[in-house]
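Labels below follow one simple rule: chain letters A, B, ... track the order of the sequence lines, proteins then strands, and each chain is numbered from 1. No experiment lies behind these values; they were computed from the predicted model shown.
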Amino acid sequence: MRICWRKLCILRRPTFLLRRQPQCRLNVLHFATRQFPTGDSRQARGFATARECTGSRTPDLFALNKQISHLVRAGRLGEARAVFDTAGCRNTVTWNAMITGYVKRGEMARARELFDGMPERDVTSWNLMISGYVSCRGSGFIEEGRELFEQMPERDCVSWNTMISGYAKAGRMDEALWLFKCMPERNVVSWNTMVTGFLRNGDVERAVEFFKEMPERDSASLSGLVSGLIHNNKLDEAAKIFLEHGNPDGGEDIVSAYNTLIAGYGQRGRVEEARYLFDLIPFSNDRGKGGAQKFVRNLVSWNTMIMSYVKVGNTIAARELFGQMTERDTFSWNTMISGYVHMSNMKEASKLFQDMPNPDTFTWNSMISGYAETGNLEFARDLFEKMPRKNLVSWNSVIAGYEKNEDYKGAVGLFSQMLTNGEKPDRHTLSSILAIATGLVDLSLGLQIHQLVTKMVNPDVPIKNSLITMYSRCGAIVEAQTIFDEVKLQKNVITWNAMIGGYASHGFAAEALELFEMMKRLEVTPTYITFISVLSACAHVGLVEEGRRHFLSMVKEYGIEPTVEHFASLVDIVGRHGQLNEAFDIIKDMPMKPDKAVWGALLGACRMHDNVELARVAAEALMQLEPESSAPYVLLYNMYADAGRWDEANEVRMMMERNAIKKLKGYSRVDSPQ
DNA sequence: GTAGGGTTAG
C-alpha cells in the first residue's frame, strides 16, 4: 500500500517541480531507484545500496532522510536530532542532513562533532562544514573553513566557490582572487561570486571588468551585477549594462533584474525610467490561452511600478496600473492604499480598504495613520480598536496622531494604556511622548520618558535631541546640557540647535554664542534655526554689532534667506540699542510682510527709548494684525500717560472701547487713568 | 553544499 502511494507521488511531482528547478529531476530519479527494486539494472543498483546498510529488513532510508531534512528546514532541530539518534541505520545523506541543521544555525561546534564522528564523508559533508565556518558572522571562523578546505581529499567546484565567497564576504578580495586563479575549473557561479564580491567591497571597476571577461553568463550574473551596482549608487551604469546584455539564459529569472532596476529608479523618484523598463519586460515564448503571448512581468513588477508612481504622488497613474492588474496580492492593495494615504485622500483610501479582500496589519496601520495625519482622530481610534491584530506601529500611529493634533490628553492616555498592556515603546513612541512633554512643559512626564530612553539598547541621536529640547523647554537647562555632552561626537545640527536654542531662550546668551562658535569650529553648518537662536541671544544681551554681523554672515556666507523671525530679532537688536529709525527702515525694507513679532520688537524698543511717535506706528500695525489684542492699546496708552499727554491717552482708550477690546488682567491702569 | 533577485504601515 505504501509503495503504491509513493508511486502516485512520484508520478505527480515532476509536472510542477521540474519547471522551476531542474535538479528536481535528479531527486526524482534518485527516489525511483531507491524505491522500486524491479526493472532495469540502474534501479537494482539503487536498491543494493540501500540493502547494504540495513541487512535483511528493507529500511526506509529515504523517508528517514526526508524527515530529518524536513524537521531541519522547519527549524525543529531537537526533534531532528532525536530522529537521527534513534535511527536504525544511516547513510552519508542522513549525516549531512543533520549537519545542515547545525550549520544553518551557526552551531558549528555541534556540526563539527557530527562531522568528526562520520563513518564516511562525501564532498557535500566537507562543503557543508566549510560553508558553515565561512558564513559565520565576524569571519572569525574563516581559518577553520580554510583548514578543512586544505584537508579535504578532493575538492569540487562548490568547495572552491564556497571558500571564495567566504573571503569575499570577509572583505578579503585578494585571497578570493588568489583562489579563483588557482582553481582548476571555474563555472558561472565562480565568476558570479567574484563579481558580487567586488561589488560588495565597493570595487565597481573590477566587478565590471570581471563581468565583461566572463566566458558565459546567466541571469544570476546580470541580477548580481545590477543589484550590486545599485548598492554602489551606479544606477545608470547598471541599467546600461543590463540593457546591453539582454537575457543570457532566456529564462523568466531575468524579471527580478528588471524589478531591481525599476525599484532603483522608483525609489529615486525617476518614474519615467522606471516605466520605460517596466514596459520593456519581454514577452515569454510560451503561449497562454488562445495562443496570446504572455507577459513575464510578475506581481512584484507591477507592485514595484505602482510603488514608483506612489512615491512621486502620482496616484492617477498608479491607479490606472492597479486597475489593469489581473491578479493582486496584499502588497498591491497596500501600496495603492498607502499612495492615497500619502496624498491625504482618505476617501479613495477607505474605498479601497473596503474592497480589499484580506486586509492585513499593514493595511489597518496605513488607514489609521492616514486618518491620524489628517486630524480625524475618531476614525483613527475607531479603526485601532477594531483591528484584529495590533502591533507597535498601530499604537505609535495613533499616539503620533494625537501628538500632531495637540490632543495631549489622548496621547498620554493611550501611551499609559500601551504600557499597561505590556507593549514595549520604541523610539517612535518615545519621540512622540517627548514632543508632548515639551508641548505641555511637563517635566515629570519628560523625566519618565528619559528613564525609558535610558533602558533602551541603543537610543539614537534624534531621541537625545528631543530630550535636550524637552529639558530646556522645561527649564532644566543643566539636564539638557548633560544629554548634550553625552551625545559626544555624534552631534548633528539639530543637537547643536537644540542646545543653543535652550541657552538662548533662558537668557544664557554668552553660552549660546560660545556654543555657536564651537559649532562653527567643528565645521557643522548652521541652519536658519541656529541663527534664530543666535540672533535672539544677541538681542538679549544687547550685542548690536555682533548681531548685525551674524545676520550678514547668515545671508552672505551660508546663503540662508532670512525669515520674518530673523528680521524680528534684528529689529529687536537694533531697536533696543536705541537706533529706532534704523529699526523702522529694516521693517520697511523687509522682503516679506512684517508680523506681530517684528512690530512688537519695534514697539518694545520704542517703549524702552520713549519714542511715542514711532510707537504709535508700531502699535497701529499691531492693532491691524491682531484686532482682539489689548496689548498695543495698553502700551501706547501707558506711553502717552507717562509723557503726560492725556488727550492722546484718552483717545487711545476711546479707540479701545470703540473697537470693543477686552481688557486683560494685569493691564488695569487703563481702568483708572488718573 | 557555492552566486543573484523586488514591493506595503509609525
Side-chain angles (χ1 to χ4, degrees), chain A residues 96-97 99-100 103-104 122-132 134-135 155-166 168-169 183 187-197 199-200 217-228 230-231 252-264 266-267 274 298-308 310-311 329-339 341-342 359-370 372-373 380 387 390-401 403-404 425-429 431-432:
Chain A
N96 287 348
I99 291 179
T100 308
V103 162
K104 288 244 165 79
D122 61 7
V123 199
T124 306
S125 327
W126 289 88
N127 289 347
L128 259 170
M129 289 302 295
I130 296 175
S131 140
V134 141
S135 60
R155 292 173 272 268
D156 67 358
C157 229
V158 177
S159 328
W160 287 90
N161 293 344
T162 309
M163 210 52 233
I164 292 175
S165 110
K169 277 176 190 151
M183 65 192 292
N187 62 11
V188 202
V189 177
S190 323
W191 285 91
N192 289 350
T193 311
M194 287 307 289
V195 170
T196 52
L199 287 167
R200 203 190 292 259
R217 299 180 191 90
D218 59 7
S219 60
S221 323
L222 263 179
S223 289
L225 184 79
V226 163
S227 79
I230 292 179
H231 274 118
E252 296 187 5
D253 262 13
I254 200 69
V255 185
S256 60
Y258 275 99
N259 293 346
T260 310
L261 275 169
I262 294 172
Q267 275 158 7
N298 58 22
L299 258 174
V300 179
S301 320
W302 286 89
N303 292 346
T304 311
M305 193 57 231
I306 292 177
M307 180 58 221
S308 307
V310 159
K311 197 102 189 167
D329 62 2
T330 44
F331 276 108
S332 328
W333 287 91
N334 286 345
T335 309
M336 199 58 237
I337 289 176
S338 86
V341 164
H342 283 305
D360 64 1
T361 310
F362 264 89
T363 328
W364 286 88
N365 286 346
S366 276
M367 293 302 295
I368 289 174
S369 89
E373 290 280 328
M387 71 188 292
K390 303 176 194 10
N391 64 12
L392 195 52
V393 179
S394 327
W395 291 89
N396 289 349
S397 304
V398 186
I399 292 177
E403 186 263 307
K404 286 213 179 85
D426 68 353
R427 58 190 190 85
H428 296 279
T429 331
S431 94
S432 289

* Between His342(A) and dA9(B), does any side-chain N or O lie under 4.0 Å from OP1 or OP2? -> yes
* Given dG4(B), is OP1 or OP2 found less than 4.0 Å from the side-chain N or O atoms of Arg200(A)? -> yes
* To do: Would you kindly give the NZ-to-P distance between Lys104(A) and dT2(B), to the nearest whole Å?
  => 7 Å
* Asked: Is any side-chain N or O of Asp218(A) under 3.5 Å from a base N or O of dG4(B), one able to act as donor and the other as acceptor?
  -> no
* Could you check whether Asp329(A) gets within reach of a base, just the sugar-phosphate, or nothing at all, counting any heavy atom under 4.0 Å? => nothing
* For Leu392(A), which contact category applies under a 4.0 Å heavy-atom criterion: base, sugar-phosphate, or nothing? -> base
* Under the salt bridge (Lys or Arg N to Asp or Glu O under 4.0 Å) rule, collect the residues that match up with Glu373(A), sequence neighbours excluded. => Lys404(A)
* Classify the nucleic acid contact of Asp426(A) as base, sugar-phosphate or nothing, counting any heavy atom under 4.0 Å across all strands shown. => base
* Expressed in angstrom and rounded to an integer, what is the separation of Leu299(A) atom CG from dT8(B) atom P? -> 15 Å
* Structure fact -> side-chain contact (heavy atoms from CB on, under 4.5 Å) filter on Arg200(A), not counting sequence neighbours, yields Lys169(A)
* Asked: Looking for any heavy atom pair under 4.0 Å, which part of the strands does Asn96(A) touch: base, sugar-phosphate only, or nothing?
  -> nothing
* Which part of the nucleic acid does Gln267(A) contact within heavy-atom distance under 4.0 Å: base, sugar-phosphate only, or nothing? -> sugar-phosphate
* When we call it a touch if two heavy atoms are under 4.0 Å apart, what does Lys390(A) touch: a base, just sugar-phosphate, or nothing? -> nothing
* **Short side-chain N/O contact to dT7(B) OP1/OP2 from Lys311(A), under 4.0 Å** => no
* Check every atom of dG10(B), dT2(B), dA9(B) against the side chain of Asn161(A) and return the nucleotide holding the closest atom. => dT2(B)
* Asked: Thr162(A) near the nucleic acid: base, sugar-phosphate alone, or nothing, with a heavy-atom cut-off under 4.0 Å?
  -> sugar-phosphate
* Asked: Using the rule for Phe, Tyr, His and the six-membered ring of Trp, do Phe331(A) and dT8(B) stack at under 5.5 Å and under 30°?
  -> no
* Between Trp364(A) (CH2) and dT8(B) (C1'), how many Å, whole number? -> 17 Å
* **Sugar-phosphate, base or nothing in reach of Asn187(A), heavy atoms under 4.0 Å** => nothing
* Between the side chains of Asn161(A) and Asn187(A), is a donor N or O closer than 3.5 angstrom to an acceptor N or O? -> yes
* Check every strand shown and say whether Ser125(A) touches a base, only sugar-phosphate, or nothing at a heavy-atom separation below 4.0 Å. => nothing
* Quick check: are there more than 12 heavy atoms from other residues, nucleotides or ligands sitting under 6.0 Å from NZ of Lys390(A)? -> yes
* Side-chain donor/acceptor of Asn391(A) to base of dA9(B), under 3.5 Å -> yes
* Asked: Out of Asn334(A), Thr330(A), Asp329(A), which residue meets the side chain to side chain donor-acceptor pair (under 3.5 Å) rule with Ser332(A)?
  -> Asp329(A)
* Asked: Between the base of dG4(B) and the side chain of Asn192(A), is there any donor-acceptor pair under 3.5 Å?
  -> no
* **Ser227(A) vs dG4(B): side-chain N/O to OP1/OP2 distance below 4.0 Å** => no
* Asn334(A) CG to dG10(B) P, straight-line distance once rounded to whole Å -> 12 Å
* Asked: Starting at CG of Asp360(A) and ending at P of dG10(B), how long is that distance when rounded to a whole Å?
  -> 14 Å
